Amino acid sequence: MANLLKTVVTGCSCPLLSNCKVIPGKKDFLRTFHTHRALWCKSPVKPGIPYKQLTVGVPKEIFQNEKRVALSPAGVQALVKQGFSVVVESGAGEASKFSDDHYRAAGAQIQGVKEVLASDLVVKVRAPMVNPTLGVHEADLLKTSGTLISFIYPAQNPDLLNQLSKRKTTVLAMDQVPRVTIAQGYDALSSMANIAGYKAVVLAANHFGRFFTGQITAAGKVPPAKILIVGGGVAGLASAGAAKSMGAIVRGFDTRAAALEQFKSLGAEPLEVDLKESGEGQGGYAKEMSKEFIEAEMKLFAQQCKEVDILISTALIPGKKAPVLFSKEMIESMKEGSVVVDLAAEAGGNFETTKPGELYVHKGVTHIGYTDLPSRMATQASTLYSNNITKLLKAISPDKDNFYFEVKDDFDFGTMGHVIRGTVVMKDGKVIFPAPTPKNIPQGAPVKPKTVAELEAEKAATITPFRKTMTTASAYTAGLTGMLGLGIVAPNLAFSQMVTTFGLAGIVGYHTVWGVTPALHSPLMSVTNAISGLTAVGGLALMGGHLYPSTTSQGLAALATFISSVNIAGGFLVTQRMLDMFKRPTDPPEYNYVYLLPAGTFVGGYLAALYSGYNIEQIMYLGSGLCCVGALAGLSTQGTARLGNALGMIGVAGGLAATLGGLKPSPELLAQMSGAMALGGTIGKHLLLFTLLTMSEVLTCISFHFCLPC
């Protein structure tokens, strides 16, 4: 043990042992541990500066009308927990509803503007500018060799970069965070664009003179608002989601196929031009398109301006003036009372008539050109921006003790090296913007052009609207023909009744639990009223006399039949009118008259079977019931709503025909029945009445009471 201690003391320069005397011994023992001196005397030094030695400053924003603050109290708390000292300028968060007391409670100190800007690391929303109160530029108040995190827009602000370079500042630009998967948590542009898109819809709704959603009320019909959103980025998709949730008809346009798919996923109608050209650009933005594409685009926009009520445009080109997509003539062709919201106003605007930063009316069209939409939701915007900054700081410097990040020019796409190099636009006063191209950029598989034969085959395989409707009509024709055949081959009446019960129990149970689109609640209600008009069957059964009723009960029965007919005609016609409200000019043509084929087969086949001596009324009732259930199921979605209305008409017609066939009335009584139903149907058609169902039921019950023997 003594020999080991002697060896350590001899071979080590540790100051604690430098004054010790070595006991003479054998030289054979002086060879051990000489090559491991560092392991005994010192630990490796970590790069960077300890968090506890760094101060983060949060100044108050001085840009006009800017209400955001770079860090929320929750963000301050996160940085203090990480080890930073945080100083906040007095009143910095007041406009965002964050008081100085909130910041003190989170662990921050409240100081003046000069002390805050002299911090080691300054976080801001807007780029540094001249402070009108102090008469000095904020960049001149920054600490030498300090760090600044803010929106910078380096391509548009070379003079600012020169000023920051004199202070040897390291600058992280929040607007330059690469739009890659790993950086989604600190993508401040997307956070602010999300808020701007939502706020744009709220402002448009506030200045639009109608509801967004369509309504049918006792006071009249309100058509839904039509909104066109240009640009399928974060802001455009946020606008589409907000507008769709408010019940508007939303249309979306973008030059990128992926953005159109995202519009479609939100329930918006994607618009395309006839010319095929990809608009995919770098960094999540669309590229500039060819002259031919732009001409086709302008033609589409001119047409849409005449149709829509609200326009929201978000088109931007990084580092350049926003493209003008809507001319003055297009805007003046819009309906009076329309609203346009220009989210690109700060970059010049997508509308020729936009006045950046202003709200005004031009030829009856309200223009919203505010350039501070995120700031108009200051609390939410500050919270998200604060989250972006705290996540960025933690990501670029993951060490638990020291703040350090390394900027490399050699990095792979989508890595943290990519994020750091793209975000840092100045390192110790040296401008390093723009970042070099990353390595290993994923390449999409090249699209193989289709041959003429393949294009012709696709065209031939396309199902035309007529063919689609004809196929559906043929299927129902075959089904109803099968019902008729089942009635003919039925061994007895009991079999038909059992089949009827079984069919209704199985199919009705399935359809009654199926979901209904909220927008179709009113059409479904009117179809239900029309189908309930089959109470006319009870009136028909109690009618009597010849051309006119001869007793009180017969008169009440005729009146009940008349009122039920009003209900039937009015209900189906109101449903048709409401469904027409959802029809768009771009929808394919309809061939609803083809549904006369199954209707004629159903009713005509029954009449043929009746005159041939077959009694298949029970099967007719089954077919009628199934058609009525199909009508209710069809009204569950907009795609099948018109089919549902047609099936309801077929079912009611079949039920009434079977009732008349079973009663076998005299010609005079048949004329009375036909007259009552025809008169009621005419009145229901012209007056759109379909709320008299309860009255017809009461009259039928009273008539039946009079028919009972005393």
Side-chain angles (χ1 to χ4, degrees), residues 61 63 66 68 70 122-130 137-139 142 147-180 183 186-193 196 231 233-235 255 279-289 313-325 342-350 354 356-357 371-374 385 388-389 392 396 407-409 411 413 417-438 441:
E61 299 297 326
F63 189 86
E66 181 58 71
R68 291 172 291 178
V122 176
V123 292
K124 283 178 55 59
V125 178
R126 296 279 185 170
M129 58 182 294
V130 175
H137 200 286
E138 288 179 314
L142 296 176
T147 300
L148 171 67
I149 302 178
S150 175
F151 282 114
I152 297 295
Y153 300 102
Q156 293 96 314
N157 295 299
D159 294 338
L160 175 61
L161 293 182
N162 291 334
Q163 280 190 283
L164 294 171
S165 178
K166 295 176 183 177
R167 308 293 296 178
K168 299 186 181 301
T169 307
T170 296
V171 180
L172 284 76
M174 295 302 291
D175 50 277
Q176 295 299 313
V177 174
R179 288 190 161 179
V180 293
Y186 13 101
D187 186 356
L189 283 178
S190 294
S191 297
M192 299 303 104
V234 176
T255 58
E280 302 291 342
Q282 295 293 327
Y285 292 93
K287 71 175 186 179
E288 291 188 72
M289 308 301 288
S313 187
T314 70
L316 287 170
I317 300 176
K320 296 184 180 180
K321 186 179 182 296
V324 177
L325 304 179
D342 197 340
L343 294 183
E346 192 169 6
N350 297 143
T354 292
T371 58
D372 59 346
L373 290 183
Y385 186 69
N388 294 144
I389 287 182
L392 177 64
I396 65 175
V407 181
K408 299 179 180 179
D409 286 335
F411 54 89
F413 179 89
H418 184 190
V419 175
I420 294 175
R421 183 60 185 87
T423 305
V424 179
V425 298
M426 181 180 291
K427 178 66 174 175
D428 298 327
K430 180 182 178 181
V431 178
I432 58 175
F433 171 83
T437 304
I441 300 178

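Only a predicted model underlies this, so the values are computations on that prediction, with no experimental measurement involved.
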Minimum side-chain heavy-atom gap Arg421-Pro436 below 4.5 Å: yes

Least distance between heavy atoms, Phe411 atom then Pro438 atom: CE1-CB, 3.2 Å

For Asp428, all residues meeting side-chain contact (heavy atoms from CB on, under 4.5 Å), sequence neighbours excluded: Thr170

Side chain to side chain contact (heavy atoms under 4.5 Å, CB included) partner of Leu161, chosen from Val431, Val171, Thr169: Val431

Minimum heavy-atom distance between Gly422 and Ala435, given as atom pair plus value: CA-CB, 4.0 Å

Salt-bridge present (Glu66, Arg126; N to O < 4.0 Å): yes

NZ/NE/NH1/NH2 to OD/OE distance under 4.0 Å, Arg68 and Glu61: no

All side-chain contact (heavy atoms from CB on, under 4.5 Å) counterparts of Ala173, not counting sequence neighbours: Ile152, Asp175, Gln176, Val425

Steps toward side-chain contact (heavy atoms from CB on, under 4.5 Å) verdict (Met129, Leu160): CA-CA 8 Å; Met129 58 182 294; Leu160 175 61; over 6 Å; no

Nearest-0.5 Å distance that lies between atom OG1 in Thr437 and atom CG in Asp409: 11.0 Å

Sub-4.5 Å side-chain heavy-atom contact between Tyr186 and Thr423: no

Flag side-chain contact, heavy atom, 4.5 Å: Asn350 against Val324: no

Interatomic distance, Arg167 atom CZ to Leu148 atom CG [nearest 0.5 angstrom]: 12.0 Å

Which residues share a side-chain contact (heavy atoms from CB on, under 4.5 Å) with Val130, sequence neighbours left out: His137

Student check: side-chain heavy atoms of Ile317 and Pro323 closer than 4.5 Å: yes

Ser165 side, atom OG; Lys430 side, atom NZ - distance, nearest 0.5 Å: 10.5 Å

side-chain contact (heavy atoms from CB on, under 4.5 Å) between Val424 and Ile432, worked out: CA-CA 8 Å; Val424 179; Ile432 58 175; 3.8 Å; yes

Asn157 side chain to Tyr153 backbone, donor-acceptor under 3.5 Å: yes

4.5 Å side-chain heavy-atom contact, Val122 and Ile149: no

Residue pair Leu172, Leu392: steps toward the side-chain contact (heavy atoms from CB on, under 4.5 Å) verdict: CA-CA 10 Å; Leu172 284 76; Leu392 177 64; 4.3 Å; yes

Distance in Å, Leu142 CG paired with Gln163 CD, rounded so as to fall on 0.5 Å steps: 10.0 Å

Contact summary for Val177 and Ala183, nearest pair of heavy atoms: CG1-CB, 3.8 Å

Polar side chain donor-acceptor pair, Ser313 to Asp342, under 3.5 angstrom: no

Audit row: Tyr385, Phe151, ring pair (Phe, Tyr, Trp, His ring centres under 6.0 Å) steps and yes/no: CA-CA 11 Å; Tyr385 186 69; Phe151 282 114; 5.4 Å; yes

Where Ala347 and Leu316 come nearest, the two heavy atoms and their spacing: CB-CD2, 3.6 Å

Close side-chain approach of Met192 to Val234, heavy-atom, < 4.5 Å: no

Exceeds 12 heavy-atom contacts within 6.0 angstrom, atom NZ of Lys168: no

Step-by-step side-chain contact (heavy atoms from CB on, under 4.5 Å) determination, Phe413 to Val180: CA-CA 8 Å; Phe413 179 89; Val180 293; 3.7 Å; yes

Nearest heavy atoms of Pro128 and Ala139, plus distance in Å: CB-N, 4.0 Å

From Lys408 atom NZ to Ile420 atom CD1, the distance as rounded to the nearest 0.5 Å: 9.0 Å

Check: Met174 and Leu189 side chains under 4.5 Å, non-hydrogen atoms: no

Nearest heavy atoms of Ala322 and Ala344, plus distance in Å: CB-CB, 3.9 Å

